[in-house]
Structures are given as C-alpha cells and as structure tokens.
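This report refers to the structure that appears directly beneath it.
We count ligands from 1, going down the list as the structure has it; atoms in each ligand are counted the same way.
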Amino acid sequence: MKLYYTPHTCSFAPHIVLRELGIEAELRRVRIGPDPIVVADGRDFRELGALGYVPLLELDDGRVLHEGVSILQYLADQHPDSGLAPAPGSAERIELNQWLTFISSELHKLFSPWLFHPEYGEAPARIARERLQPRLALVDRHLAKNAFVLGERFSIADAYLYTIAGWARVLKMDLHPYPALDAYLDRIGQRDSVRDALRREREDARAQPERAPA
Ligand SMILES: N[C@@H](CCC(=O)N[C@@H](CS)C(=O)NCC(=O)O)C(=O)O
C-alpha cells in the first residue's frame, strides 16, 4: 500500500489512521501545486489523480483510492475491530458521516484556498476568517461536552478534524474564543499515532530531497 502525501496537508489524516492501525504503508511524497510531481521519481502526479490532490492511497492490487473521506472510511472498514469507525448502517455511522462531511465541506475547503493558493490573493483569507468563526464555534461547543468527535472514543473523524483544525494554528488564528478546540488539538497532538506520523514524514523529507521539476 502506498500513501501519496504532502507534509502539512489533509493527507496527514489518513497517515494518522495508518499509524493507529499499525499498517506499514510506503510513503510517496508529492509536491502539490500547478505542476504536481511525485518527488521520488519526478512523475507527473496527475497521471494518478487528475486534480493533483493528495491524499491518494494506492492499494497492493493497483487500485488507487482518492478523496480523503473515503480513504479514511476504507481504512477503518478494513479493520472493524479497531473501532475507528462505527459499523456501516448504524446510527453512530450516520453521525460519523455527518461530521466527515462537515469537516470536508465546511472547514477543509474554507481553509485550503487560503493555505495552498497564494495566487488567489487576499480574498480567500478574508472569506475564510469570517466564515470559519461560526463553524469553529460549533466544533468548540461540541468538544466542550465530548472528548472526541464521536464522544468517548477516537475515530477517523478525529484524525481529520485534528489535521484540518490544526491549520488554524499554522495560520496563527486566535483560538482563545475556542478553548475546548484548542485543548483538543493539544490532546490529539500527543497521541502516539500523530507523533509517529509526523516523525515519519520528517524522516521521509530528509531521506528524499525534492528533485527539480522536469
Ligand atoms: N476533495 C479532495 C481534496 C483534497 C485536497 O484539497 N488536497 C489538497 C491538500 S489539503 C491539495 O492536494 N491541493 C492541491 C491543489 O490545490 O492544487 C479530498 O477531500 O481528498
């Protein structure tokens, strides 16, 4: 199995889940942007994913999975005993789906033009700052009452929320209005899976310097 990833991006969520599951996937670093490449061999990354987005998960049978939310669910569903996702069809699974969709459409896609597309100018930052406030407040209210997104237990939604909401810190947003979210980011950041994934991405970057674009 190969995870196509870029440091500091949403691909960190499936990487956390791989570490939670103890799966030794190969890491394939991608330089995203207008001419995305697989760093190891300089291959045009759009040969694998038309939009040039990470994450992609290449399975051992050659299938390539895209869309972070489905990759997270694929990994969890392959290992139902992990408890990383409730059983398909259950009420808890619907709750998980709601949260994954919320994180993807209401948080991730507000942050990402701001974070990854400086060519769009100031507008994405202004719009994101404004629209993120009520969304982060909603998350904060939920985390004030729940240790994890689904309550008492870590799930794939936490891997995703930690990754995306963590961008607020990268972008130096003031998190004082969201103390429960702030504490949650500290808490999840201490998990072995998160620290291990971070360490592996750093080691990979050191071991595999980027080639100049062809
Ligand atoms: N719909 C995709 C979006 C993934 C996505 O936005 N990936 C970002 C990094 S967080 C990316 O690769 N951006 C490259 C670009 O915008 O060119 C998913 O949810 O997996």
Exercise. Is the number of heavy atoms from other residues, nucleotides or ligands under 6.0 Å of Arg202 CZ greater than 12?
Worked result: no

For this session: Tell me which protein heavy atom sits closest to atom 9 (C) of ligand 1, plus the residue, atom name and distance to 0.1 Å.
Result: Cys10 SG, 3.6 Å

For this session: Would you mind listing which atoms of ligand 1 come within a distance below 4.0 Å of any non-hydrogen atom of His117?
Result: 15 (C), 16 (O), 17 (O)

For this session: Write down the atom of Val149, the atom of Leu143, and the distance for their closest heavy-atom approach.
Result: N-CD2, 4.5 Å

For this session: Kindly confirm or rule out a cation-pi arrangement of Lys109 over Tyr53, judged by NZ or CZ under 6.0 Å from the six-membered ring centre and within 45° of its axis?
Result: yes

Exercise. What is the closest protein heavy atom to atom 7 (N) of ligand 1, and at what distance does it sit?
Worked result: Val54 O, 2.9 Å

Exercise. Would you say Glu67 has any N or O atom under 3.5 Å from an N or O of ligand 1, going by distance alone?
Worked result: yes

Exercise. Is Glu20 paired with Arg191 through a side-chain N to carboxylate O contact shorter than 4.0 Å?
Worked result: yes

Problem set entry | For Gly68, the ligand 1 atoms whose distance to one of its heavy atoms is below 4.0 Å | 18 (C), 19 (O), 20 (O)

For this session: Decide whether the shortest distance between a heavy atom of Trp167 and an atom of ligand 1 is less than 4.0 Å.
Result: yes

For this session: Step through it carefully: locate the ring centre of Trp167, locate the ring centre of Phe116, and say whether they are under 6.0 Å apart.
Result: yes

For this session: Among all protein heavy atoms, pick the one closest to atom 13 (N) of ligand 1 and tell me residue, atom and distance.
Result: Tyr53 CD2, 3.4 Å

Exercise. Under 3.5 Å, N or O to N or O, is Gly33 touching ligand 1 that way?
Worked result: no

Problem set entry | Sub-4.0 Å atoms of ligand 1 with respect to non-hydrogen atoms of Lys109 | 3 (C), 5 (C), 6 (O)

For this session: Given side-chain hydrogen bond (donor to acceptor under 3.5 Å, both in side chains), test Tyr74 with Glu67 step by step and report yes or no.
Result: CA-CA 11 Å; Tyr74 168 81; Glu67 297 305 320; over 6 Å; no

For this session: Assign the ring pair Phe154 / Phe148 to parallel, tilted or perpendicular, where the plane angle (0 to 90°) is split at 30° and 60°.
Result: perpendicular

For this session: With side-chain hydrogen bond (donor to acceptor under 3.5 Å, both in side chains) as the test, would you mind laying out the steps for Asp158 and Tyr184 before giving the verdict?
Result: CA-CA 10 Å; Asp158 295 294; Tyr184 168 87; 2.7 Å; yes

Exercise. Does Ser104 reach ligand 1 with a nitrogen or oxygen that is under 3.5 Å from one of the ligand's nitrogen or oxygen atoms?
Worked result: no

For this session: Check ligand 1 against Thr9 and write out every atom of the ligand that is under 4.0 Å from a heavy-atom position of the residue.
Result: 9 (C), 10 (S)

For this session: Using a strict 4.0 Å cut-off to heavy atoms of Pro55, name the atoms of ligand 1 that fall inside it.
Result: 20 (O)

